[in-house]
Amino acid sequence: MSRFIQDVRHATRGLVKTPFFALGVIVTLALGIGINATMFGVVDTLFLRPPPGVADPGGLVRVFYRQVFPSAGTIVQSGTSFPAFLDMRNRVPGFSNAAAVSRASMSLGRGADAVEVTVRAVSHDYFPLLGVQPVLGRFFTGVEDRVGGDRVAVLTYAFWQRHYGGDRSIIGRTLPLGKGGYTVIGVAPKGFGGADLASPDLFLPIRPAAGDVMAAEAVASRNYYWLSVLARVQPGVTRAAAAAQATLAYRQGQAASRPDSTTVVMFGPIQEARGAEASSDAKVALWIGIVAA
């Protein structure tokens with residue numbers, strides 16, 4: 001210990017005698033520590049930390065579909081149809097629940113006052129699946145999430161604060177959104193932005209919103225691959241067993257149109273950047289994080 005103290009004193013005296021060199025050392029250390037801390041924060045957000053506000057993220061999975069094509073080779077994707085999602089939700093005993101999500105941009109307002117907002121059209125299972133409660137009002141249920149159901153909306157907390165100043169009278173107001181209007185029934189809790197990397201402005205029930213985000217017939221057709229599926233695996237059920245059940249359910253649902261389907265259902269972590277469809281930016285961030293480490 002005494003030798004270490006002596007070394008520190010010797011180094012300190014040397015730096016004091018050469019102030020410009022000492023300044024260079026300090027700046028280099030500051031830059032190195034700052035860059036590494038920043039990169040760790042990026043890697044932590046993308047790959048390690050679960051989405052804010054989500055309950056028990058370890059039990060959640062993202063559903064992917066692996067297909068082998070003679071000409072294109074193996075393709076893994078998360079996009080699926082609404083009927084295929086219903087197969088996942090209703091015919092896989094290894095799931096305690098499942099929810100569908102579609103991303104879109106819509107116009108809020110009319111004419112010169114219109115602004116673009118990001119939305120997530122989600123099935124009514126979405127909020128119970130993620131274990132969140134509204135901070136104001138309520139979330140939509142199966143009563144609204146049906147063909148011909150009421151066009152309602154849930155605001156994210158950040159959008160509510162930013163666009164409406166936290167006005168509590170927003171509940172019950174009809175917003176000029178998309179091709180018609182959506183009535184605000186709730187506000188999501190602070191910090192919650194869903195299970196994706198980017199937080200949306202609003203959540204809409206998937207069936208009533210289908211005509212705005214995709215096409216009205218998309219909820220009945222297996223030819224529209226516009227949804228991703230999140231699921232929670234039953235306690236005591238292995239992911240391998242649940243994936244095998246999901247593969248069987250998917251193939252049975254496709255039997256009429258694709259009786260020779262060889263699609264295999266796979267699971268990925270809830271962190272979007274760690275899935276099979278991770279963006280190139282996320283992959284670059286991972287490599288930089290490794291280098292920084």
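Residue numbers start at 1 and run along the sequence shown.
Between Asp201 and Arg120 there is no salt bridge, since none of the side-chain N atoms of the basic residue sits less than 4.0 Å from a carboxylate O of the acidic one. Using a cutoff of 4.0 Å between basic side-chain nitrogens and carboxylate oxygens, Asp196 and Arg62 are scored as salt-bridged.
Both Val135 and Ile171 sit in one connected hydrophobic cluster of ILVMFWY residues. Membership requires side-chain heavy atoms under 4.5 Å apart, directly or through other members.
At a threshold of 4.5 Å between non-hydrogen side-chain atoms, the residues Val117 and Leu202 count as touching. Side-chain contact check for Val184 versus Ile170: some heavy-atom pair is nearer than 4.5 Å. You'll find the side chain of Pro200 stays beyond 4.5 Å of the side chain of Val119, heavy atoms only. Between Phe82 and Arg207 there is a side-chain heavy-atom pair separated by less than 4.5 Å. Taking 4.5 Å as the limit, every side-chain heavy atom of Tyr65 sits out of range of all side-chain heavy atoms of Ser78. Leu177 has its side chain out of reach of Arg151: every pair of non-hydrogen atoms, C-beta onward, lies at least 4.5 Å apart.
Aromatic ring pairs are classed by plane angle as parallel below 30°, tilted from 30° to 60° and perpendicular above 60°; the pair Phe127 and Phe140 is perpendicular. Ring geometry for Tyr164 versus Phe159: interplanar angle over 60°, hence perpendicular rather than tilted (30 to 60°).
No hydrogens or angles considered: nothing links the side chains of Thr118 and Ser105 as a donor-acceptor pair under 3.5 Å. Between the side chains of Asp150 and Tyr182, no donor N or O sits under 3.5 Å from an acceptor N or O. No hydrogens or angles considered: a donor-acceptor pair under 3.5 Å links the side chains of Glu217 and Tyr224.
For the pair Glu144 (side chain) and Thr141 (backbone), a donor-acceptor distance under 3.5 Å is present. At least one donor-acceptor pair closer than 3.5 Å links the side chain of Ser96 to the backbone N or O of Arg232. Judged by distance alone, the side chain of Ser123 and the main-chain N or O of Ala100 form a donor-acceptor pair under 3.5 Å. Between the side chain of Asp212 and the backbone N or O of Lys179, at least one donor-acceptor pair lies under 3.5 Å.
Considering Val264, Thr263, Ile75, Val265 in turn, Val264 is the only one that fulfils the side-chain contact (heavy atoms from CB on, under 4.5 Å) rule with Arg66.
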Listed pairs under 3.5 Å, donor-acceptor, residues 233-241 side chains, sequence neighbours left out:
unit_1	atom_1	unit_2	atom_2	d
Thr238	OG1	Ala241	N	3.1
Arg239	NH2	Gly58	O	2.6

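A ring-centre distance under 6.0 Å is not found for Phe192 and Phe139.
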